[in-house]
Amino acid sequence: MSTGSLFEGGIPNEIASEIEDIRKRINRANFLYYVKDQPEISDAEYDRLMRRLQDLENEYPEAVTPDSPTQRVGAIPQTEFAPYQHAVPMLSLANAFDADELQAFDERCKRFLGMDRETPIEYVCELKFDGLACSLTYRGGILVAGATRGDGFQGENITENLRTIKAIPLNLHHSRRESPDAKAVPPVVEVRGEVILEHDEFRRINEEREINGEPTFANPRNAAAGSVRQLDSRITARRNLTMFCYGVGAYDGVDFDTHYEILCALGDWGFKVNPNIKVAGNIDEVVAYMNEWETKKESLPYDIDGMVVKVNSLDLQTRLGSVSRSPRWAIAYKYPAHQATTVIKEIRVQVGRTGALTPVAIMEPVEVSGVTVSRATLHNEDEVHRKDVRVSDTVVIQRAGEVIPEVVEVVKEKRVGDPEEFTMPDKCPVCGADVERAEGEAVARCVGIACPAQIRGRMIHFTSRNAMDIDGVGPALLDQFIDNGLIHDPADLYSLTIDQIIPLERMAKKSAENAINAIEVSKNANLSRLIYALGIRHVGERTAASLAQHFGSIEAVRNASEEELAEVQDIGPVVARSVAKFFDQEETTEVLRKLKEAGIDPTEEARRETEEFAGKTIVFTGAMEKLTREKAQELVFKLGANPSSSVSKNTDLVVAGDKAGSKLEKAISLGVKVISEDEFLEMVKQAGVEID
DNA sequence: ATCCCTCGAGTTCA
DNA sequence: CTCGAGGGAT
């Protein structure tokens with residue numbers, strides 16, 4: 001066995017230098033790709049280098065060092081994380097929720113420093129990433145430890161996991177900059193930042209989990225936190241996390257004058273520093289930055305939940321110091337939260353007009369994006385079990401599409417004891433009739449014929465805006481009619497007299513007249529509205545319009561056989577059976593008789609095919625000024641077009657009003673023609689119709 | 001049998 | 001707005 005010049009520590013010299021060379025090239029490629037977003041070598045070339053290094057290291061295991069790029073693939077599973085004591089505590093920041101509170105922060109700083117109000121303080125504004133705060137410790141420029149923030153004083157040692165994140169340098173660069181203020185890599189430095197997951201990667205992970213039947217993550221932040229705290233770092237390695245660095249904890253052997261200098265130095269050393277940083281000369285510029293990002297944040301490929309404002313001068317920072325657990329020299333401006341946590345007080349079961357039983361979560365009221373929310377639908381029994389929502393649970397809620405509240409997930413760690421699982425009652429909570437859930441269906445239904453909840457629901461539907469449009473007769477008034485035995489079915493509305501209404505609670509003469517008047521006006525409703533108003537299962541606005549067009553009168557629909565019904569466009573066996581069954585019922589015959597008696601027997605106006613609209617599929621979105629969406633749909637239908645509610649490649653035209661949302665986006669991405677309300681009205685005029 | 005497109009139904013708050 | 005399911009095309 002020969003030793004000597006050819007061998008060093010058991011490794012041939014030329015091998016040692018090749019290993020070193022490959023590592024340098026891989027590190028540089030990683031830096032350019034993950035930190036700078038400007039790759040210089042191809043993926044294939046990168047893979048080739050990686051494989052060569054892996055081979056060499058397999059052959060010479062002594063050559064493996066902790067900062068070798070091969071070590072990013074993850075280590076074997078751990079049983080738990082060791083606690084990690086932060087040398088300098090990772091403090092939390094005080095919050096500001098609007099511009100006034102930022103101004104107050106500025107004044108507080110000045111007062112504390114004994115400055116007059118006119119002298120501006122320089123601030124650094126940064127985006128506040130919605131991820132997991134972590135700290136990285138480097139000795140001699142090599143990553144030796146990484147930890148979560150934890151409670152600020154003690155976190156968890158997750159070095160192995162953080163090592164797998166490609167945006168984190170395993171060894172620090174010596175500054176590439178020539179400028180005299182460039183900082184050399186210090187012997188010891190603790191760097192802080194936020195580990196996040198970009199939207200694309202978040203989506204990819206959830207799709208993968210969905211396929212594997214695993215629960216999906218509610219948001220990128222949760223996914224990032226879950227990934228970073230994996231006991232098996234090989235899983236973390238597959239999650240493509242990234243990290244933005246924004247500060248330092250303990251450090252030695254380097255001097256800084258400002259926070260901005262620190263950020264520049266971090267960039268020089270090879271960390272990923274977010275480019276959207278602004279040095280603001282005064283607090284007004286800070287407010288401008290905040291306003292600017294309120295909308296611009298939507299276009300970022302990752303989530304931010306606000307911004308961070310820091311006094312730039314480290315000297316001033318030191319003079320300001322800290323109060324309890326947060327520094328006086330920094331503040332976090334938080335955008336209004338789109339999510340919040342609250343507690344489930346009760347899971348109530350509602351009965352709809354079709355008898356559908358819907359579980360609804362009644363929650364401790366909580367503010368979500370500007371409104372107080374206290375209830376949210378849980379859709380159906382399966383949904384409740386899927387999310388495993390139980391009474392007394394703490395849940396995360398959000399407003400879907402910025403409007404309708406929904407329960408995102410249960411915070412399992414906060415569950416106390418073992419609350420009972422939700423079960424759908426087997427008797428209707430309103431009328432006590434049996435509850436049935438059809439084979440393969442998601443909804444359970446009350447089978448009661450005379451269920452008051454269903455009757456009430458049918459009445460509300462009958463009078464609703466898109467049905468008979470009886471303005472001034474709302475749910476409260478209908479309840480009184482029903483409770484006083486004045487009406488039993490929708491047709492009874494037409495035999496109500498003003499003397500019957502006036503004695504009712506909170507009913508002035510004027511409102512009574514209005515109600516009677518609105519009922520009278522509704523007699524003019526067209527056939528499709530009447531069919532829709534009857535509330536036949538599976539018959540909504542579109543199907544009602546089809547039936548009206550095809551048959552022309554209620555009588556004709558009633559006399560149609562199941563087979564004849566199924567011949568109508570868009571009506572198949574299920575809908576045909578439902579319609580036939582509806583008209584077979586004695587109650588229906590009775591209602592129709594009473595309606596006719598009241599003079600309600602509309603015929604459908606034939607559609608007038610126009611050149612402009614015939615055969616076109618049109619979607620209306622957003623708020624329009626001159627017309628309601630419903631009126632517009634009715635109008636174009638009469639002119640031969642097919643109004644639709646969703647945009648697809650079959651859509652010919654999208655009319656976008658004010659504040660149009662996802663439908664407009666979809667139309668643009670599909671290349672569907674989009675016009676404004678004014679252009680639409682012009683088209684209508686061309687078609688020879690006047691709008692009042 | 002399977003996929004895609006639509007429609008229907010239920011829901012929240014100011 | 002979203003989910004589930006019916007209808008029709010493939």
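First the proteins, then the strands, lettered A, B, ... as listed; each starts at 1. Just so you know, these numbers use all the heavy atoms, side chains as well, and skip hydrogens, waters and symmetry mates.
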Self-check item: Minimum-distance nucleotide to A:A442 side chain [options: B:dT11, C:dG4, B:dC5]
Solution: C:dG4

Could you list the donor-acceptor pairs under 3.5 angstrom formed between side-chain atoms of residues 456-464 of chain A and any protein atom two or more places apart in sequence or on another chain?
unit_1, atom_1, unit_2, atom_2, d
A:R456, NE, A:D479, OD1, 2.6
A:R456, NE, A:D479, OD2, 3.2
A:R456, NH2, A:D479, OD2, 3.3
A:H461, NE2, A:Y532, O, 2.9
A:T463, OG1, A:M459, O, 3.3
A:T463, OG1, A:I460, O, 3.1
A:S464, OG, A:H461, O, 2.7

Quiz item: Is any side-chain N or O of A:Q350 closer than 4.0 Å to OP1 or OP2 of B:dT11?
Solution: yes

Quiz item: Distance check: side-chain N/O of A:S374 vs OP1/OP2 of B:dC13, anything under 4.0 Å?
Solution: yes

Quiz item: Is there any side chain to side chain donor-acceptor pair (under 3.5 Å) pair reaching into residues 537-548 of chain A, and which pairs are they, with sequence neighbours excluded?
Solution: none

Practice problem: Let me know the distance between CD of A:E406 and P of B:dC13, rounded to the nearest Å. | Solution: 14 Å

Practice problem: Calculate the interatomic distance between A:F620 atom CZ and B:dC7 atom P; express it in whole Å. | Solution: 13 Å

Quiz item: Rounded to whole angstroms, how far apart are CD on A:Q454 and P on B:dG10?
Solution: 10 Å

Quiz item: Does the side chain of A:T377 get closer than 4.0 angstrom to OP1 or OP2 of B:dT12 through an N or O atom?
Solution: no

Self-check item: B:dA9 OP1/OP2 closer than 4.0 Å to side-chain N/O of A:T358
Solution: no

Quiz prompt | Interatomic distance, A:N650 CG vs B:dC3 C1' [rounded to whole Å] | solution = 13 Å

Self-check item: Length of the OH-C1' vector between A:Y532 and B:dG8, whole Å
Solution: 8 Å

Quiz item: So do A:D492 and A:F481 actually touch side chain to side chain, heavy atoms under 4.5 Å?
Solution: no

Quiz prompt | Pairs meeting criterion salt bridge (Lys or Arg N to Asp or Glu O under 4.0 Å) with involvement of residues 632-651 of chain A, two or more places apart | solution = A:R529-A:E634

Quiz item: Taking the side chain of A:N380 as heavy atoms from C-beta outward, which of C:dG4, B:dG10, B:dT6 is closest to it?
Solution: C:dG4

Quiz item: Out of B:dC13, C:dG6, B:dC5, which has the shortest distance to the side chain of A:R375?
Solution: B:dC13

Practice problem: May I ask you to verify if any side-chain N or O of A:S648 is less than 4.0 angstrom from the OP1 or OP2 atom of B:dC4? | Solution: no

Quiz prompt | Nearest-angstrom distance from the residue atom NE2 of A:H461 to C1' of B:dG8 | solution = 10 Å

Quiz item: So, A:T589 versus A:E586: side-chain donor-acceptor pair below 3.5 Å or not?
Solution: no

Quiz item: Are any of the side-chain nitrogens in A:R203 or A:D200 under 4.0 Å away from the carboxylate oxygens of its partner?
Solution: yes

Self-check item: side chain to side chain donor-acceptor pair (under 3.5 Å) against A:D601, all qualifying residues, sequence neighbours excluded
Solution: none

Quiz item: Is any side-chain nitrogen or oxygen of A:R353 closer than 4.0 Å to OP1 or OP2 of B:dA9?
Solution: yes

Quiz item: Which part of the nucleic acid does A:V373 contact within heavy-atom distance under 4.0 Å: base, sugar-phosphate only, or nothing?
Solution: sugar-phosphate

Exercise. Measure from the side chain of A:A356, starting at C-beta and using heavy atoms only, and say which of C:dA5, B:dG10, B:dC7 lies closest.
Key: B:dG10

Practice problem: Using whole Å, report how far CG of A:D652 lies from P of B:dT6. | Solution: 10 Å

Between the protein and nucleotides 8-10 of chain C, are there any N/O to N/O pairs under 3.5 Å, and if so, what are the atom names and distances?
unit_1, atom_1, unit_2, atom_2, d
C:dG8, OP1, A:D570, N, 2.9

Quiz item: Picking from B:dA9, C:dG6, B:dT12, which would you name as closest to the side chain of A:V574?
Solution: C:dG6

Practice problem: Could you work out which one of B:dG10, B:dT6, B:dT12 sits closest to the side chain of A:P405? | Solution: B:dT12

Exercise. Select from A:E541 and A:A361 the residue whose nearest nucleotide in DNA chain B is closer to the 5' end of that strand.
Key: A:E541

Exercise. Go through the structure and list residues passing ring pair (Phe, Tyr, Trp, His ring centres under 6.0 Å) with A:F620, not counting sequence neighbours.
Key: A:F680

Exercise. Could you state the atom-to-atom distance from CD of A:Q633 to C1' of B:dG8 in whole Å?
Key: 14 Å

